[in-house]
Structures are given as structure tokens and as C-alpha cells.
There are 2 protein chains.
Amino acid sequence: MRVSREQAAANKERVIELAGQLFRERGFEGIGVADLMASAGLTHGGFYRQFESKNDLVVQACDRTLQTSVDRWHETVAREPETALVKIINRYLSEHARDVPSDSCALTSLAGEVPRQNNAALTEAFTRALKGFADALARVGPEATAEERYQQALTRLAGLVGAVILARTVSDPALSDEILAAARKGLTGPLG
Amino acid sequence: MRVSREQAAANKERVIELAGQLFRERGFEGIGVADLMASAGLTHGGFYRQFESKNDLVVQACDRTLQTSVDRWHETVAREPETALVKIINRYLSEHARDVPSDSCALTSLAGEVPRQNNAALTEAFTRALKGFADALARVGPEATAEERYQQALTRLAGLVGAVILARTVSDPALSDEILAAARKGLTGPLG
DNA sequence: ATTATCTATAGATCTATAGATAATGC
DNA sequence: ATTATCTATAGATCTATAGATAATGC
């Protein structure tokens, strides 16, 4: 029954990663501790040695997946500053991002639930991530001043998040594609 | 115990209206049938004579509140076509809309949960409403062609929804205000 | 007689805990 | 000896239903 410390740490990692995917796919209340642990090949009783509570896991899983996304944006900006804005926008508004929430930005699948969770650490994690996303965008916007680039980085981020959410909401596939295409076009150039 | 048909119909109306507010405030799973009925001054047993299921109420409540919002947009467009775009944007991105989800557009509070509900009628209601919002915006956009106005109506709608969601998510009040202000500015002028 | 609402409860599900078990690590 | 994981369960909550009750409406 008992495994080595190394194995236990790896198990915990696996639970955090899996939770990050399942929360994005089904929402915070769409997956329970028992089912999550079973998906990780464990029983639910063991959960509470690794995590203080489900809320604790929610924070760790979101922090993990958000930081991964923010880091990827900053890497893109650092590696190819000229094309980074278009790259980031096209990746964010891809059909894959729309169709596979478990593999796309947590802002699109979970931000709407955050204010209802009464979880200060969770709100902090999302706030920190949002600043990270905006900072990355502000480095590559087409606007003239830094102030304006930052302002429009916030607008672009809002547009990206909203477009993915709406594209997932509608039943009409052609309309869903149109939403993504329109936002790709509308958010790339100068705004306002 | 029993009330008149008229009173029963009024009670049903009250439940639908209240549900529309509570779902927007707490999410579909944030309010149960018993608590909802108690808030309406009734007991939960009576619910199932008026509604087939909780899912049935979810559809009726969303359809009601979404249609109300769409109608208000179209009224604004009809009454003051010159200033309608700015009026709609400033109302959508107001502090009141951010701070009182129970009194603002259901897209901002509930769209993210729709794809997870496995409820075709609900998805249809949101799709219909989204087309209504986009049609209203397409009538008042600053773009040259109708085609372009419709495309950018979708982008503007995405930006509006995303901005409210993100403004509610962050813990930093100044940042929250900045998100709203940036989107008000960035979404009003020509896009792309 | 009909029916809108009430009381009571079945059945499912979820978080968290208690105590047992067996392998690790000193 | 310690501890990661397991089995079992307490306690809370939620949707939906069954049957009783009392006022409406014919």
C-alpha cells in the first residue's frame, strides 16, 4: 500500500495535473475528489494526506496551469517579438483551443466561476496570471505608447477570452467558426 | 393550500424571474430547487407541478432574461441609432453590471457553464440570444460594409463579455476598473 | 371533483474523517 | 517507527417522487 516518498510526490504531481485538466473540462464542481483520485489510479481516502481540502487542490491546479500558459506567452514574445501578437492570437482562437478546454487557457473555462468560489488564494492566482498575460501582450501591441499598449492589451485579452467562451456556447458550428475568425481579425490590428 | 389559477401562474412567473437572478448570481448549481422555492415563499414539493425538472427551469429562466437583454439592445438601436453603440458598450461595461451579476447580461455569468450542461434547449436559447446581440451591434458599427459590421459585431460582443468576466475575476479593484475602461475605449472605435 | 401546494422521504452524490494495512526508511 | 494509501462511513446536500391537504372552480 505505502509507496516511496518519490513515488508519493509523483502521485501528487499527477493528481494536480489531472485536476487541472478535469477542472478545465468540467468546472470545479464537475469532478469530485473520489472520481479524480480514481482517474489517477488511487482511492479517495488518500487525497487528504496530500491536500488540505478540495479548495486547496483547486488553487494548486489553477496556479499550475495558469503559470504554464503565461510562461508560454512570454516565451513566444521573447523568441519572435515581430510575429508574437499574431501567433498568440491565432493559437488562443484556434479550433483546438475551442474544442479541447482541458488543453487550453484556464481563463476561458474557469474565470467565470472564480468570483463565486469564495477562495481568496484562487482569486489571487487568477489575478496574477491576468497581469502576466497582459504584460506579454503589452510588449507586442501595435499601439504607439506603452500606456496605450497596456490598455489595449487588456482589451485584447478580454476579446480573446470572450471569443473562446462564446464560440463554445453556440450550437451553430458555422457561427462558432465565424466568432473565432472575426476575433482573430478584429483583435490583431490597432484598437479604438 | 391551493391558490387560484391566476395566483398559481403568478407564482410560476415569480419563480422564473427569481431563478433568472439567482442563476446569474450563483451559477446553475449554486442554487437548489428547495432554496429557490423557499426564496419565492413556497415549498420545494410544489416545484414539480410547475416545471418538468430543474433543467426545464434553467432553460425558461435563461430564455427569459436573455430575451429581455436582447430586446433592450434593439430598443436602444431603434431609438437612438447615432449613439447606440456607445450607450450599449458603456452600459454593458458599467461598474453596476460588473458588481451586480443578478441584474446584468446572462452571457457574462452563465455562458461559460452552458457547454457543460448537456442541455440542447439551453444551448439553443443562448445561440438565439447571441445572434440577437450581434444583429443589434451590426446595425450601429462604424465599419464601412455590412459584412464588416457583422464581423466586428461578433468581436465587440466577445470583448464585452470577456471584459466583464475578467473584471469580476481579479482581486485588484484598480485593475478591474482598468479592464472596463480599456474595453470601453478599445471596443468603441473601428477594429482591426 | 380538481388541483396547487405541503410534508416527508427515497436515492444519489459529495466532502471529509477514522482507523486499518502494509511497505518504506531510519 | 513512520507514513502513503486503503476501506468504510458519517454527515450534509440535492433532485425527484409519493401521498396528504385544503382551497378553487365547475
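Chain letters run A, B, ... following the sequence lines, proteins first, then strands; residues in each count from 1.
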| A/Asp35 CG - C/dT15 C1' separation (whole Å) | 13 Å
| task | For the side chain of A/Asn11, starting at C-beta, report the closest nucleotide among D/dT15, D/dT5, C/dT15. | result | D/dT5
| query | Do the side chain of A/Arg2 and the base of C/dT24 come within less than 3.5 angstrom through a donor-acceptor pair of N or O atoms? | reply | yes
| message | Quick check on DNA chain C: between B/Ser4 and B/Gly45, whose nearest nucleotide comes earlier from the 5' end? | response | B/Ser4
| query | Touch check for A/Gln50, heavy atoms < 4.0 angstrom, all strands: base, sugar-phosphate only, or nothing? | reply | sugar-phosphate
| query | Do A/Arg91 and A/Thr76 have side-chain atoms, one donor and one acceptor, less than 3.5 Å apart? | reply | yes
| request: Using atom CD of B/Gln7 as one end and atom P of C/dT2 as the other, report the distance to the nearest whole Å. | output: 23 Å
| remark: Of the listed C/dG25, C/dT15, C/dT5, the closest approach to the B/Ala8 side chain comes from C/dT5
| task | Starting at atom CZ of A/Arg5, determine the distance to atom P of D/dT5, rounded to an integer number of angstrom. | result | 13 Å
| Do we see a donor-acceptor contact under 3.5 Å between the side chains of A/Ser4 and A/Gln7? | no
| How many Å lie between CG on B/Asp56 and C1' on D/dT17, as a whole number? | 17 Å
| According to a strict under-4.0 Å criterion, is B/Tyr48 in side-chain N/O contact with OP1 or OP2 of D/dA16? | yes
| field | Criterion salt bridge (charged side-chain N to carboxylate O under 4.0 Å, His left out) on A/Arg156 and A/Glu143, from CA distance to verdict | value | CA-CA 12 Å; A/Arg156 285 195 177 88; A/Glu143 289 79 13; 2.9 Å; yes
| Most 5' of A/His44 and B/Val33 on DNA chain D, judged by nearest nucleotide | A/His44
| request: May I ask you to establish whether B/Lys12 and B/Phe51 are in a cation-pi arrangement, using a distance under 6.0 Å from NZ or CZ to the six-membered ring centre and at most 45° from the ring axis? | output: yes
| request: For A/Thr43, report the nucleic acid contact type (base, sugar-phosphate, nothing); a contact means any heavy atom under 4.0 Å. | output: base
| task | State, yes or no, whether a side-chain contact exists between B/Ile165 and B/Thr169 at a heavy-atom distance under 4.5 Å. | result | yes
| task | Write down the distance between CD (B/Glu13) and C1' (C/dA4), rounded to a whole number of angstrom. | result | 16 Å
| task | In whole angstrom, give the distance that lies between atom CZ of A/Phe47 and atom C1' of D/dT3. | result | 18 Å
| task | Tell me what A/Gly32 touches on the nucleic acid: a base, only sugar-phosphate, or nothing, going by heavy atoms under 4.0 Å. | result | sugar-phosphate
| B/Met37 CE to D/dA16 P: how many Å, rounded? | 13 Å
| field | C/dA4 OP1/OP2 closer than 4.0 Å to side-chain N/O of B/Arg49 | value | yes
| query | Using purine N1 to pyrimidine N3 plus N6-O4 or O6-N4 for Watson-Crick, or N1-O2 and O6-N3 for G-U wobble, each under 3.5 Å, what pairs with C/dT2? | reply | D/dA23
| note | Applying the 3.5 Å cut-off to both distances, the Watson-Crick or G-U partner of D/dA12 turns out to be C/dT13
| A/Asn55 CG to C/dT15 C1', straight-line distance once rounded to whole Å | 11 Å
